[in-house]
Amino acid sequence: MSRIQGIARQNAEAGRKLLIPYLVAGDPNLASTVALMHSLVECGADIIELGIPFSDPSADGPVIQRGVERSLSKGTTLQGVLDMVAQFRTLNSATPIVLMGYLNPIEIMGYGNFVEKASNAGVDGVLIVDMPPAESDALYTQLQAQGIDTIFLVAPTTRDARLPTICDHSSGYLYYVSLKGVTGAALTDYDSVTANIEKLRGFTDLPIVVGFGIKDADSAAAMGRLSDGIIIGSALVEKIAQLADQEQQDDALVAQTTAVIAAAREALNNIR
Amino acid sequence: MVKHEGVGTEASATGVDGPEGEDSRFDGPDETGHFGSYGGIFVGETLIAAVEELAQVYKEVSADTEFWDEFDYDLKHYVGRPSPLYFAQRLTEASGGARIYLKREDLNHTGAHKINNTIGQALLAKRMGKTRIIAETGAGQHGVASATVAARLGLECHVYMGAEDIIRQAPNVYRMKLLGAEVISVESGSRTLKDAMNEALRDWASNVDNTYYIIGTAAGPHPYPLLVRDFQCVIGREARAQSLEQMGRLPDALVACFGGGSNAIGLFHPFLKDASVAMYGVEAGGHGLETGEHAAPLSAGRPGVLHGNRTYLMTDAGGQILETHSVSAGLDYPGVGPEHSWLKDIHRVNYVVATDVEAMQAFHQLTLLEGIIPALESSHAVAYGVKLAGQMDADKNIIINLSGRGDKDIETVARIEGITL
């Protein structure tokens, strides 16, 4: 059983919703990421999605775009992201890490090379935004062989005919995109989320987590009620942006930044 | 490949036979949009349904003569096709070699080849019941061509354009506004064509129900490279028939500039099976390949994935897309259409470069010798074409695709040369 599957089962048994924060690796600088990750775990994160910065993030809204720009301006590379994971693992061997990003950096590193390094660093899952299952075979096979979970998205526009293929390729959890749009957009149509998650349950036993548009305790609770967990990205990255202006990053400042995740944890725990 | 043979033009009325010898290699892409290992569909899940729907609709219209009749009618009566194949006598004399013919896409309505594609895609948008058009643009030619067809069909039109390009191509920005389009300045990344394309993809994901995205070049997720090519193939079909009529045989070489590669593939594709016809795609050499400041992914890049397809890209060792440089905004793009990547690998097309300086010289040369002011994009093809002609015998014939006219570039040229207008 993979680390992600272990946490998912443990949470399901305890009736606890999965809380998955997303941050851009290297934002606002290379030194801050690992400290932020540890702080997120203290705030109650179950899994961390670590964004691999890419120069052309065409599925992301302005908040994450700026996070990516901050990170790249400090020289973050895919190799650097893998090093951060390895560093995080020296103090934490329990919390699963999912790398999320776009395909080109992995193409250029080479699939075999990437999978080996990711496995050695202690990566648990990979989610490539612009690689649908139909184009994923070569990378998918190698990730699965190393026991790294492959996570795919389902969107409100996804046709039913695609769901069996997406579910077949997915392991760990299924990421339901709550809205038609980019990361950080405003979520308004809760009814469609409810209906689509209900439908998805007919296709998979995987935990279904919801991302895009969850920005605070209220939306966390609302989406948590409908699903097995939630992802918070832009709302956290917006807080992290404020670190960029600080000369020194002490623990108090980091805790202030990740407080949005602690609030979401509390909101999720109060569902029932 | 669309079986549709020629548009209802005088050129196609000559009843030209198909290319000699069948080579089914060139009938791609496959069902899922691959040219060899290139192409495919690499977009976020939100857009998958939209590109699949477009592929389905395009498959249906491929066999629908009514659709192509309407396309042909628009090309003839609205665009003004066929465009002439013009023998450039003084340019030929100056080159001292092969006879140079210019395929005059600059004479099309809106001044470039881009309109061939937007006419076709607007018909698709109409058929799909979309009410809103979005487009990305670099030089502004595709933006103008998109705004034009949107105005004609009464569709709402939003054009994404890099902030840098808005400065470089001010006349086209005003033209789009006159046509009723909203021009949205893109401030992210390098603020050029690639960033405009990112922003258009974001818009499309956010408004996918009512919006049709008119991609301006033969790149992007399947079926765009296929359908843009098919719409642009009118260039090559006409040129092939006109060659037989005017030269009495096929040309010996074809030359076209390319950024994404739509005018090039449009000229080349109908000749791919004619083994005797050599082809040259001219990339933007910028300040020279050795400086790294250029936009020549096929000459100096490597395969990767961007904007929906696998293709040659300008990318650094870590997989980040590099900023490109070219004097011409329309060539300032770090990728190429996937079919070009494949044609490079199988050595069917030669990919070469012309630098900023060479393009500027060609701009003046053509203007002075033939009274034709070429777009800076097309000037790259002229630069290489003249050089190539000089190395060929006088009994050979080459066609240079004059993909657009240069009125839009006059301010840029004046600025570079220190002239105040």
Is [X] in contact with chain B via its backbone, its side chain, both, or neither, using a 4.5 Å heavy-atom distance?
X        : answer
A/Leu103 : side chain
A/Val68  : neither
A/Leu72  : side chain
A/Ile106 : neither
A/Thr158 : both

If you take all heavy atoms of [X] and [Y], which pair is closest and at what distance?
X        : Y        : value
A/Arg159 : B/Ala49  : NH2-O, 3.0 Å
B/Val305 : A/Asn104 : N-OD1, 2.8 Å
B/Glu52  : A/Arg162 : OE2-NH1, 3.3 Å
A/Phe54  : B/Ile321 : CZ-CG1, 3.7 Å
B/Asn198 : A/Asp56  : ND2-OD2, 2.8 Å
A/Gly181 : B/Ser206 : CA-OG, 3.5 Å

Answer yes or no: is there a donor N or O on one side and an acceptor on the other, between the side chain of [X] and the main chain of [Y], under 3.5 Å?
X        : Y        : answer
A/Glu135 : B/Ile41  : yes
B/Arg202 : A/Pro57  : yes
B/Thr46  : A/Lys180 : no
B/Gln320 : A/Pro53  : yes
B/Glu45  : A/Ala155 : no

Taking side chain as everything from C-beta outward and backbone as N, CA, C, O, which of these in [X] sits under 4.5 Å from a heavy atom of chain A? Side chain, backbone, both or neither.
X        : answer
B/Pro221 : neither
B/Glu53  : both
B/Leu322 : neither
B/Ala200 : neither
B/Val43  : backbone

Output the distance between atom [atom1] ([X]) and atom [atom2] ([Y]), rounded to the nearest 0.5 Å.
X        : Y        : atom1 : atom2 : answer
B/Asp316 : A/Ile108 : CG    : CD1   : 8.5 Å
A/Ser58  : B/Asp203 : OG    : CG    : 12.5 Å
B/Leu201 : A/Asp60  : CG    : CG    : 12.0 Å
A/Gln65  : B/Asp195 : CD    : CG    : 9.0 Å

For [X], is the [atom1] atom crowded, meaning more than 12 foreign heavy atoms sit under 6.0 Å from it?
X        : atom1 : answer
A/Asp205 : CG    : no
B/Lys59  : NZ    : no
B/Gln56  : CD    : yes
A/Lys215 : NZ    : no

Heavy-atom side-chain contact between B/Ser188 and A/Glu69 under 4.5 Å: yes
